[in-house]
Protein chains: 2
Amino acid sequence: MKRILAPINAETKRRRIAEFERRCREAGIPMTDQRRIVVEAVLDMHCHPTADQVYASSQVRRARISRATVYRSLESLVMLGVITKACHPGDVVRYDARLEPHHHLVCLECGEVVDIADPSITMTRLPDMSVFGFEVRDCRMQLRGVCRRCRRKEKKR
Amino acid sequence: MKRILAPINAETKRRRIAEFERRCREAGIPMTDQRRIVVEAVLDMHCHPTADQVYASSQVRRARISRATVYRSLESLVMLGVITKACHPGDVVRYDARLEPHHHLVCLECGEVVDIADPSITMTRLPDMSVFGFEVRDCRMQLRGVCRRCRRKEKKR
DNA sequence: ATACGTGCAAAGCGTTTGCATTTCT
DNA sequence: AGAAATGCAAACGCTTTGCACGTAT
């Protein structure tokens with residue numbers, strides 16, 4: 001059952017925010033309005049937003065936060081392990097709020113990345129890379145190719 | 001048999017350069033000294049060089065080429081399908097000269113990416129994603145975690 | 001009270017681009 | 001000869017940083 005992953009639902013969102021608050025307390029990092037704005041925004045946006053997209057989304061909500069703080073907050077979220085940096089082919093940093101195992105369809109033309117679930121390519125156990133002194137924390141399949149929209153464009157030419 | 005992939009050997013390099021020249025001819029793109037400099041440099045550098053690293057390497061060889069041309073040549077190599085853009089977590093574009101199937105160990109601390117071969121996680125057939133209108137061209141496993149060097153640093157703290 | 005976070009604007013850095021000149025086919 | 005690539009320098013866009021001020025613990 002391949003499927004494109006739906007946005008993070010309300011319940012998961014609540015749980016993730018609680019998790020974030022817990023980690024802040026553990027790390028002795030103060031909970032500020034701004035950090036809350038950023039976590040909420042990231043969890044609401046599906047598919048690997050850039051820092052600027054997170055900022056734009058916070059502006060739509062009329063939240064009081066500056067662009068610099070968005071960048072700083074995102075970095076602290078990564079440090080706390082609440083989100084990760086997504087591996088993209090482009091030159092802009094993108095973030096991934098989805099921590100559960102999933103895979104990526106990467107379009108080599110437009111750079112778009114889509115989250116998918118496909119048990120047939122999901123590993124039940126993380127491969128052991130200790131031979132290389134490497135500790136594996138997660139494992140994603142990157143399926144690179146051309147998306148529907150870009151294939152249409154190619155045909156027109 | 002997991003193993004870290006060795007640099008591209010002399011024979012493969014010759015073959016890849018010939019391939020590049022053929023594709024240039026087909027596409028009606030002139031073969032210039034500069035483009036030759038860039039292909040050679042990329043094939044000699046293992047592990048996902050940035051445009052600037054390619055430029056630096058060309059300077060070491062005392063080749064006559066400007067930084068802008070390195071950027072432009074790399075893009076044309078990607079367009080011709082001679083190399084691909086690597087999917088990295090960072091904010092700098094990195095290129096991948098290795099076209100044969102392989103996988104990546106990505107360090108979430110330092111961003112380093114290592115090419116590995118591991119038949120146990122190599123798929124003999126590309127998964128079918130046509131349900132999504134997506135045409136898969138290649139498929140890589142991304143094993144994300146912490147490398148030996150960064151684990152040492154963490155322990156010290 | 002103090003350490004840390006924030007906002008603003010400026011700096012930094014990788015990358016792209018306009019234009020005159022050179023080089024390839 | 002004509003089209004395309006190159007080099008240079010300036011422009012551009014994303015990200016980081018220094019500093020004065022505000023806020024959480």
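Values below: every heavy atom of this structure, side chains too, minus hydrogens, waters and symmetry copies. In the text below, chain A, chain B and the rest are named by the order of the sequence lines, each starting its count at 1.
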Report the distance from atom CD1 of B:Ile4 to atom CZ of A:Phe134, rounding to the nearest 0.5 Å.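 Reported value, rounded in 0.5 Å steps: 10.0 Å.
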Specify the separation, in whole Å, of atom [atom1] of [X] and atom [atom2] of [N].
X: B:Asp91; N: D:dT15; atom1: CG; atom2: P; value: 6 Å
X: A:Arg35; N: C:dG7; atom1: CZ; atom2: P; value: 11 Å
X: B:Ile65; N: C:dT22; atom1: CD1; atom2: P; value: 18 Å
X: A:His88; N: D:dT15; atom1: NE2; atom2: P; value: 12 Å
X: B:Glu21; N: C:dC24; atom1: CD; atom2: P; value: 14 Å
X: A:Leu80; N: C:dG5; atom1: CG; atom2: P; value: 11 Å
X: B:Ile37; N: D:dA5; atom1: CD1; atom2: C1'; value: 13 Å
X: A:Leu74; N: C:dG5; atom1: CG; atom2: C1'; value: 15 Å

Which residues share a side chain to side chain donor-acceptor pair (under 3.5 Å) with [X], sequence neighbours left out:
X: A:Thr69; answer: A:Ser66
X: A:Glu26; answer: A:Arg22
X: A:Arg16; answer: none
X: A:Arg67; answer: A:Asp52

If you take any heavy atom closer than 4.0 Å to DNA chain D, which residues from residues 46-62 of chain B end up in contact? none
Looking only at the side chain of A:Ser73 (C-beta and beyond, no hydrogens), which of the listed nucleotides C:dT6, D:dT15, D:dT6 gets closest? C:dT6
Please pick, from D:dG7, D:dT15, C:dT6, the nucleotide with the shortest atom-to-atom distance to any side-chain atom of B:Gln34.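 For the B:Gln34 side chain, the nearest candidate turns out to be D:dG7.
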Terminal axes of the helix from C:dA1-D:dT25 to C:dT25-D:dA1 (5 end pairs apiece), angle rounded to 10 degrees, sit apart by 40°
Presence of [X] side-chain N/O under 4.0 Å of [N] phosphate oxygens OP1/OP2:
X: A:Arg67; N: C:dG7; value: no
X: B:Ser66; N: D:dT6; value: no
X: A:Tyr71; N: D:dT16; value: no

Other hydrophobic cluster members with B:Val60, side-chain heavy atoms of Ile/Leu/Val/Met/Phe/Trp/Tyr under 4.5 Å, chained?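 Taking Ile, Leu, Val, Met, Phe, Trp and Tyr as members, B:Val60 stands alone, with no cluster partners.
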Which pairs of donor and acceptor atoms, one on a side chain in residues 35-47 of chain B, lie under 3.5 Å apart (sequence neighbours left out)?
{"from": "B:Arg35", "atom 1": "NE", "to": "B:Pro30", "atom 2": "O", "distance (Å)": "3.2"}
{"from": "B:Arg35", "atom 1": "NH2", "to": "B:Pro30", "atom 2": "O", "distance (Å)": "3.2"}
{"from": "B:Arg36", "atom 1": "NH1", "to": "B:Glu21", "atom 2": "OE2", "distance (Å)": "2.9"}
{"from": "B:Asp44", "atom 1": "OD1", "to": "B:Lys13", "atom 2": "NZ", "distance (Å)": "3.0"}
{"from": "B:Asp44", "atom 1": "OD2", "to": "B:Lys13", "atom 2": "NZ", "distance (Å)": "3.1"}
{"from": "B:Asp44", "atom 1": "OD2", "to": "B:Arg61", "atom 2": "NH1", "distance (Å)": "3.4"}
{"from": "B:Asp44", "atom 1": "OD2", "to": "B:Arg61", "atom 2": "NH2", "distance (Å)": "2.8"}

Base, sugar-phosphate or nothing for B:Arg64? Non-hydrogen atoms, less than 4.0 Å.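 Here B:Arg64 touches the backbone only, sparing every base.
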For B:Ala27, the side-chain contact (heavy atoms from CB on, under 4.5 Å) test, sequence neighbours excluded, returns B:Ile29, B:Leu80
With sequence neighbours left out, write down each residue that passes side-chain contact (heavy atoms from CB on, under 4.5 Å) with A:Asn9, or none if nothing qualifies. A:Glu11, A:Thr12
Side chain to side chain, A:His103 and A:Gln142, heavy atoms closer than 4.5 Å: no
Given the rule in the side-chain contact (heavy atoms from CB on, under 4.5 Å) test, do A:Val82 and A:Glu19 qualify, once you have shown the distances and angles that lead to the verdict? CA-CA 8 Å; A:Val82 178; A:Glu19 175 77 13; 5.6 Å; no
Which letter, B, S or -, goes with each nucleotide of nucleotides 18-25 of chain D from 5' to 3', with contact meaning a protein heavy atom under 4.0 Å? B-----SS
Would you mind writing out the side-chain donor-acceptor pairs for residues 83-90 of chain B within the sub-3.5 Å range, not counting sequence neighbours?
{"from": "B:Thr84", "atom 1": "OG1", "to": "A:Arg144", "atom 2": "NH2", "distance (Å)": "3.2"}
{"from": "B:His88", "atom 1": "NE2", "to": "B:His48", "atom 2": "ND1", "distance (Å)": "3.1"}

